[in-house]
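This report concerns only the one structure given below.
Every chain is numbered from 1 and lettered A, B, ... according to where its sequence line falls, protein lines coming before strand lines.
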There are 2 protein chains.
Amino acid sequence: MQTEIGHKNLAPERQKQVLTLVRDHGAIRVDTLCDMLSVSPATIRRDLEILEGTGALRRVHGGAVSGRALLDEPLFDDKTEVASGEKQRIARQALEHIHAGDTVYIDGGSTLLELAALLRDRSNLTVVTNSLRAAAELSAAGPRLILLGGELRRRSQTITGPLTRTLLQTISLDVAFMGTIGLTADSLTTTDPGEAYTKELVMSRSKRVMLLADSQKIGVVSFACSGNLQDVDTFITDKGAPEAFVKQLRKKGVVVETV
Amino acid sequence: MQTEIGHKNLAPERQKQVLTLVRDHGAIRVDTLCDMLSVSPATIRRDLEILEGTGALRRVHGGAVSGRALLDEPLFDDKTEVASGEKQRIARQALEHIHAGDTVYIDGGSTLLELAALLRDRSNLTVVTNSLRAAAELSAAGPRLILLGGELRRRSQTITGPLTRTLLQTISLDVAFMGTIGLTADSLTTTDPGEAYTKELVMSRSKRVMLLADSQKIGVVSFACSGNLQDVDTFITDKGAPEAFVKQLRKKGVVVETV
DNA sequence: TCATATATAATCACATTCAATCAAATTACA
DNA sequence: TGTAATTTGATTGAATGTGATTATATATGA
């Protein structure tokens, strides 16, 4: 397959060939490289040492392996909490509202992170998000991904505040999937005013607004108001939601789906 | 294929031929050039030195290689990649240029990622970045962190393109630490036009521009131009940088620091 | 665990290439 | 034509890359 390579090569050129060979084979032995490039083991080792210094490959006893080959395994290991069944069900239900070609907003929060994970193989979408966690979930592959710009709020790992306005003003969203800390029949509330500001702005830029929140959040009131229920088109929650509350929301024109 | 080339040529013309030959072959030895151009090794070496000063090619023991040939791979971001000593030293040197209270921009790339890591305990700064990796590095604690908003480029894990403009227009930077794929005495180049666009914009918004690049990148020419060396205040690189090239840059008013 | 085989690192010697210097040739300009 | 400046080529000592040798370290199998 690989043929003998001509005469005197310049060192960097030979090193490039070594790197190519290592990459192509995934892993290769020193002797094999010696045969292919017609140089001594000492030279090959020196080349490998240099290449390892650049991080292009990894030396092992007997030869070298490509850097890429090494990290096939440990890609996603930072799973923190096992999402509750409710959150997963809610996220799966939200999928029903996403259509091919949509521009979708994914808000911060663990429920929304579940949704992001479900979009990993949907390349025919544009996902806009302010959540670093959601972005990380989709950073390797998946839909076209657009991050809001602005200040990082460490606690929630989301991008929030006035600086998010500049970008949001220039785009339009088909559907926004929002989270919240608490909701009452009137309003959505959250801990941080900067975060509330961004949420409100996002909802105003979206054709449809979906609110995803497990039933535990019903009745919780936090510090900063991020909008009111009138602006929500559909509320997806679990079956733990009080009947009375659901009825009240439906009276206001909100579609409520319980899973 | 390449035939003997006539008789005595004027120096600049011959140098152009040398450059073409180097480019065509990717790498070529001094003797080969001597044969082809019918001049002595000394002359070829002088030509190569001049051409290296412009960053058009890179001299190596035995001959010269074109920038492209040296480093075709646009850095796949490996989490496990061991940062070379050069990159770490360059990053540490860059620290000297950061003062309390500064608003600092951190570009994408592995060298800049090293710099970001060094800022983890500097809470008296504002860091602006388009790099998801740098953001992740500082996401748990550290300086005030602002992310650019825009489209994620998966290959480099950076946020790039026209959407980054909206936020950049509203802020000013004290100092921008920039990376690049390749640089010559004239220009900085990078693989992706969207990325180039953002780099250029960032540099225009910053009081001071620092370029961080290991010497391997000198002479490399990539696809999209992201600015020219005139816009760089200080260039930090390692001691492998060719003397001739450094001299040329200093003549242009760029401060060059080698570590 | 030990023994054996293999791979590596360290040292050295050799060959090649390079930088510096100087002399010769060419060119520029009056 | 004459003089100075530049370019080129040769020579030499220094530097660098390569390959062989030997001692150490690492894998493999009983």
Side-chain angles (χ1 to χ4, degrees), chain A residues 4-19 21-22 25-54 56-66 70, chain B residues 4-19 21-22 25-54 56-66 69-70 82 85-86 215-216 218-219 238-248 258:
Chain A
E4 253 256 25
I5 295 169
H7 303 299
K8 298 278 177 183
N9 286 317
L10 300 169
E13 191 186 22
R14 184 191 53 235
Q15 284 154 17
K16 200 183 144 201
Q17 293 170 338
V18 168
L19 181 55
L21 289 167
V22 172
H25 291 71
I28 196 167
R29 308 185 56 76
V30 171
D31 338 350
T32 313
L33 288 168
C34 290
D35 292 347
M36 284 175 159
L37 300 170
S38 315
V39 289
S40 73
T43 300
I44 290 296
R45 293 203 175 91
R46 277 186 277 252
D47 287 345
L48 292 179
E49 192 179 357
I50 290 167
L51 290 167
E52 187 178 42
T54 74
L57 54 77
R58 195 77 173 271
R59 292 191 66 184
V60 294
H61 198 87
V65 299
S66 132
L70 268 185
Chain B
E4 251 258 23
I5 296 171
H7 294 305
K8 300 289 170 184
N9 290 312
L10 290 100
E13 190 185 349
R14 183 190 55 236
Q15 283 156 18
K16 213 183 285 177
Q17 292 172 335
V18 168
L19 181 55
L21 288 167
V22 172
H25 289 72
I28 196 167
R29 5 187 70 252
V30 171
D31 357 359
T32 312
L33 288 167
C34 290
D35 292 348
M36 285 175 158
L37 300 170
S38 315
V39 289
S40 73
T43 301
I44 290 296
R45 293 201 175 93
R46 276 187 278 255
D47 287 345
L48 292 179
E49 191 181 357
I50 290 167
L51 290 167
E52 186 177 46
T54 73
L57 54 77
R58 201 69 198 276
R59 293 191 66 185
V60 296
H61 197 87
V65 299
S66 95
L70 198 62
V82 188
E86 277 84 17
S215 62
Q216 296 281 78
I218 295 169
D238 59 76
K239 295 209 193 298
E243 265 306 311
F245 185 77
V246 170
K247 223 171 248 174
Q248 190 96 1
T258 61

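Between C:dA7, D:dG9, D:dT18, one nucleotide has an atom nearer to the side chain of B:Ser40 than all others, and that is D:dG9. The side chain of A:Thr43 has D:dT18 as its nearest neighbour among C:dA7, D:dT18, C:dC18. When the nucleotides C:dT8, D:dG9, C:dA19 are ranked by their closest atom to the side chain of A:Arg59, C:dT8 comes out on top. Side-chain atoms of A:His61 lie closest to D:dT26 of the nucleotides D:dT26, D:dT18, C:dA9. Distances were taken from every side-chain heavy atom of B:Val30 (C-beta onward) to each of C:dC18, C:dA9, D:dG9; the shortest belongs to C:dC18.
Residues A:Val22 and A:Val65 share a closest heavy-atom pair of CG1-C, 3.7 Å. Among all heavy-atom pairs drawn from B:Ser215 and B:Ala241, the shortest one is CB-N, 3.4 Å.
Taking 4.0 angstrom as the limit, A:Arg46 places none of its side-chain polar atoms (N or O) nearer than this to OP1 or OP2 of C:dA10. Under 4.0 angstrom from either OP1 or OP2 of C:dA7 there lies at least one side-chain N or O belonging to A:Arg29.
Contact annotation for B:Asp47: no contact, since no heavy-atom pair falls under 4.0 Å across all strands.
In the helix from C:dT1-D:dA30 to C:dA30-D:dT1, the terminal helix axes, each the rotation mapping four pairs' C1' atoms onto the next four within five end pairs, subtend 40°, rounded to 10°.
Atom CG of A:Leu10 sits about 8.0 Å away from atom OG1 of B:Thr32, to the nearest 0.5 Å.
Remark: B:Gln15 pairs with B:Asp47 by the side chain to side chain donor-acceptor pair (under 3.5 Å) rule, at least two apart or across chains. Here A:Thr43 pairs with A:Ser40 under the side chain to side chain donor-acceptor pair (under 3.5 Å) rule; sequence neighbours left out.
Residue B:Ala42 is the one, among B:Ala42 and A:Gln15, whose nearest nucleotide of DNA chain D lies closer to the 5' end (criterion: closest heavy atom).
Checking each of A:Val39, A:Leu19, A:Leu33 against A:Arg14 for a side-chain contact (heavy atoms from CB on, under 4.5 Å) leaves exactly one that passes, namely A:Val39.
Between the side chain of A:Glu52 and the backbone N or O of A:Arg59 there is at least one donor-acceptor pair closer than 3.5 Å.
Counting atom types as modelled, A:Arg45 pairs no side-chain N or O with a base atom of D:dG19 as donor and acceptor under 3.5 Å.
Straight-line distance from the CD atom of B:Glu243 to the C1' atom of C:dA20: 16 Å, rounded to whole Å.
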